[in-house]
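Input: a single structure, listed below in structure tokens.
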Amino acid sequence: MNKQPKYRQVADALRRDIDNVVYKPGSRLPSESELSERFGASRNTVRSGLSLLVGEGLISSSQGLGYEVRKHEVFELNASRFENLTFPQNGDAYNTDVTAAGRRPTQTFRVEVTPATEYVAERLKVGRGSTTVLRFCRRFVDDVPWSTQATYYPDWLVKEAPRLAEPGDIEEGTTRYLAGVGVEQVGYFDEIAARMPTPEEARLLEVSAGVPVMLWTRTGYSDTKPIRCTITTFRGDLNRMNYEIGSLSAREGDM
């Protein structure tokens, strides 16, 4: 005998239907009255079950339009190759990866001078409140918000590479630009975390209730010191990240 509350039984059944593609991404679910009849439950009970699925990011609701199965066109990012200058580039790393996947990149920029937070200062090995230049971009894949990226550069580096403080895109990518002025990134340290978005992140990424964000902090190093701290905030429902470590000849060989 199923001892779960009825609204959870409704949510479980609909979740299975979505997983089994009974309801395809982008399709609408039956109305609340139709679901009430199917499950032998009140509309309030059905609505509670649907709310669970909204909170999980599986469906979305629109006033007067009912519930829709959310589309999940996942973009796969190879973090090992991202910014690797030995690979052919088509502009910066973001443009290269998105166009190589047959999709369309667009982004907006802002550049500002800002004091280093404790989080950034610790990674750049500068004093908290020290002057940094922030290059912030909001990135899209096929016009859908994909990520925001905030890169902080220490003041000493901006003096050596003044284009970092100029507004707009650096077409070849900042890593390649820095290498061109003699500041080569020889390594990086990555940190990955997940949490629920702040209200501002939810607005910029246009995520619905229940969708987490993935935080990717990459600190880049020259052969002597840190040169930048990049914090990328991804939509958790539309992104997957992978790394390549060691020999992968067995993976690439014939089955």
Which residues pass the side-chain contact (heavy atoms from CB on, under 4.5 Å) test with [X], not counting sequence neighbours?
{"X": "E118", "answer": "R128"}
{"X": "F189", "answer": "E191, Y221"}
{"X": "S51", "answer": "none"}
{"X": "Y188", "answer": "Q185, D190, R218"}

Subject >> CD-CG distance between E206 and L238, expressed to the nearest 0.5 angstrom >> reply: 11.0 Å

**OP:** Find the distance between CG (L14) and CG (L35) and round it off to the nearest 0.5 Å.
**Re:** 5.5 Å

**OP:** Check side-chain hydrogen bond (donor to acceptor under 3.5 Å, both in side chains) between T219 and all other residues, then give those that pass, not counting sequence neighbours.
**Re:** none

Original post:
Stepwise, does the side-chain hydrogen bond (donor to acceptor under 3.5 Å, both in side chains) test hold for R47 with T45?
Top reply: CA-CA 5 Å; R47 194 172 296 129; T45 297; over 6 Å; no

Does any part of the side chain of [Y], heavy atoms only, come nearer than 4.5 Å to the side chain of [X], both counted from C-beta?
{"X": "T132", "Y": "V113", "result": "no"}
{"X": "R139", "Y": "Q149", "result": "yes"}
{"X": "V144", "Y": "R235", "result": "yes"}
{"X": "I192", "Y": "T217", "result": "no"}
{"X": "Q107", "Y": "R138", "result": "no"}

Original post:
Which heavy atom of R28 sits nearest a heavy atom of Y23, and at what distance?
Top reply: O-CD2, 4.5 Å

Original post:
L178 and I227: which non-hydrogen atoms are nearest, and at how many Å?
Top reply: CD1-CD1, 4.3 Å

Original post:
Backbone N or O of T198 within a donor-acceptor pair of the E201 side chain at under 3.5 Å?
Top reply: yes

**OP:** Take R135 and E166 through the salt bridge (charged side-chain N to carboxylate O under 4.0 Å, His left out) test and state the conclusion after the steps.
**Re:** CA-CA 9 Å; R135 297 182 62 84; E166 295 176 1; over 6 Å; no

**OP:** Enumerate the residue pairs fulfilling ring pair (Phe, Tyr, Trp, His ring centres under 6.0 Å) with a member in residues 139-159, sequence neighbours excluded, ordered by first and then second residue.
**Re:** F75-W146, Y94-W146, W146-F234

Subject >> Qualifying residue for side chain to side chain contact (heavy atoms under 4.5 Å, CB included) with S147, from N239, T232, T233 >> reply: T232

